[in-house]
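Notes for the one structure printed next.
Basis for what follows: all heavy atoms, side chains included, without hydrogens, waters or symmetry-related copies.
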Amino acid sequence: MKKTARILIFVFCLLIPISAFAKNESVSSPALSAIEFNNAVINEDFSQDVFEYTITLDDPTVTPTLKSYKIDGSANIFITYEQDETRHQTGIIVTLEFDNGSVYYTFRYSNPVSIEKSSNNLLADARCRLGEVYPKINDSDRNYRLYIPSDLTEINLSVAAQDTGATYDLPKALKVSPDQEPTIMLDVFASNGEKRTYSFEVKRLNKNCSQVEKEMASPDFESLVKGEFFYQKPAFKIGITSAIAGILLIFVFIKIAKRLTIKVEDNDELNFFD
């Protein structure tokens with residue numbers, strides 16, 4: 001009986017490290033399973049464990065932007081643009097950030113970017129790690145708000161000009177204290193030298209970095225601020241609709257009341273034929 005017990009204990013001790021090893025082997029880091037760009041085609045077959053690619057631009061003068069992607073696992077995605085010494089684009093870097101690290105996928109332009117004289121100094125995209133530019137970059141607005149977590153102390157803003165020949169100088173990281181809400185100014189220069197100035201007014205969210213990371217890592221994530229403003233909330237919309245409906249009802253009631261109370265003839269006035 002004692003011999004059998006010893007054998008069982010020995011086997012049990014062997015199984016513990018084996019099962020722990022098997023469990024550790026099954027753990028894998030998040031990775032890109034698919035990705036597509038606007039105005040660009042990946043030249044190689046994409047694989048989540050290959051990290052360097054070349055892409056061909058449909059129009060070498062137009063900046064490629066992120067079209068769609070899929071992530072295996074839970075991670076935040078961040079886009080930056082490579083630049084050469086002349087500050088012209090040479091490629092796109094896609095970063096996945098997760099709890100225990102990060103992974104980088106690089107997509108370099110395979111066809112030479114033709115620098116032609118142009119007055120296009122518009123932005124095509126602006127993104128911030130753990131933040132959101134609102135509203136989305138468009139051709140009309142120059143002033144934007146940048147919403148960041150309440151405890152974020154390093155702002156990483158990445159932008160891209162529409163024209164690959166345009167240039168800009170943007171710091172990769174801006175150190176701030178938790179109570180600071182600076183305004184980031186950005187000058188974009190067209191290839192012909194014309195300047196367009198953008199501003200990004202930093203606003204703090206009522207969410208910390210951990211909350212924002214969790215929210216952004218969700219497959220259903222759309223926006224940090226869309227629907228969060230008081231005028232976007234359902235209660236506000238219902239209240240406004242009810243108030244307008246109430247005013248219309250009062251107006252109709254007054255009109256009806258006037259019709260019922262107005263006298264068509266004066267009681268003190270003699271009849272014409274009398």
Are [X] and [Y] connected in the hydrophobic side-chain network, where two residues link if heavy atoms are under 4.5 Å apart?
X	Y	answer
Ile93	Leu32	no
Val62	Leu66	no
Leu57	Val41	no

Kindly check if the number of other-residue, nucleotide or ligand heavy atoms within 6.0 Å of [atom1] ([X]) is above 12?
X	atom1	answer
Asn100	CG	yes
Phe221	CZ	yes
Asp45	CG	no
Asp84	CG	yes

*Among Asn76, Ile35, Leu96, which residue meets the side chain to side chain contact (heavy atoms under 4.5 Å, CB included) test with Ile71?*
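It is Leu96; the other options fail the test.
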
Looking only at non-hydrogen atoms, find the nearest pair between [X] and [Y] and report the distance.
X	Y	value
Ala75	Pro30	CB-CB, 3.8 Å
Gly165	Ser191	O-CB, 3.8 Å
Tyr53	Ile42	CD2-CG2, 4.0 Å
Ala160	Tyr81	CB-CE1, 3.3 Å
Asp58	Ala40	OD2-N, 3.8 Å
Ala166	Ala190	CB-CA, 4.3 Å

[X] versus [Y]: any side-chain heavy-atom pair under 4.5 Å?
X	Y	answer
Ile92	Pro64	yes
Thr153	Pro178	yes
Asp139	Gln162	yes
Val103	Phe98	yes
Leu186	Leu123	yes
Asp169	Arg87	yes
Pro182	Val176	yes
Gln211	Leu205	no

Hey, is the main chain of [Y] close enough, under 3.5 Å, to the side chain of [X] for a donor-acceptor pair?
X	Y	answer
Asp141	Asn143	no
Tyr144	Ala126	no
Asp151	Asn208	no
Asn192	Lys117	no
Glu132	Leu224	yes
Ser110	Ile55	yes
Thr63	Ala161	yes
Asn120	Leu122	yes

*asked:* Taking the basic N atoms (NZ, or NE/NH1/NH2) and the acidic carboxylate oxygens, is any pair closer than 4.0 Å for Arg204 and Glu181?
replied: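 So Arg204 does not pair with Glu181 through a salt bridge.
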
*Do the ring planes of Phe107 and Phe37 sit parallel (below 30°), tilted (30 to 60°) or perpendicular (above 60°)?*
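Phe107 and Phe37: perpendicular rings.
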
*Just say parallel, tilted or perpendicular for the rings of Tyr134 and Tyr147, cut-offs at 30° and 60°.*
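Rings of Tyr134 and Tyr147: perpendicular, over 60°.
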
*Stepwise, does the side-chain contact (heavy atoms from CB on, under 4.5 Å) test hold for His88 with Thr167?*
CA-CA 6 Å; His88 290 110; Thr167 59; 3.5 Å; yes

*Check Phe78, Phe51, Tyr69 against Tyr105 for a ring pair (Phe, Tyr, Trp, His ring centres under 6.0 Å) and give me the one that passes.*
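When Phe78, Phe51, Tyr69 are each tested with Tyr105, the ring pair (Phe, Tyr, Trp, His ring centres under 6.0 Å) holds only for Phe51.
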
Assess, by modelled atom type and distance only, whether the side chains of [X] and [Y] contain a donor and an acceptor separated by less than 3.5 Å.
X	Y	value
Asp220	Ser218	no
Asn43	Thr56	yes
Asn38	Thr65	yes

*Taking salt bridge (Lys or Arg N to Asp or Glu O under 4.0 Å) as the test, write out the residues that go with Glu36, two or more places apart.*
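Per chain and number, Glu36 pairs via salt bridge (Lys or Arg N to Asp or Glu O under 4.0 Å) with no residue.
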
*Give the C-alpha distance, both sets of side-chain angles, the deciding distance and a yes or no for side-chain contact (heavy atoms from CB on, under 4.5 Å) between Arg129 and Glu213.*
CA-CA 10 Å; Arg129 180 185 174 276; Glu213 282 181 350; 4.0 Å; yes

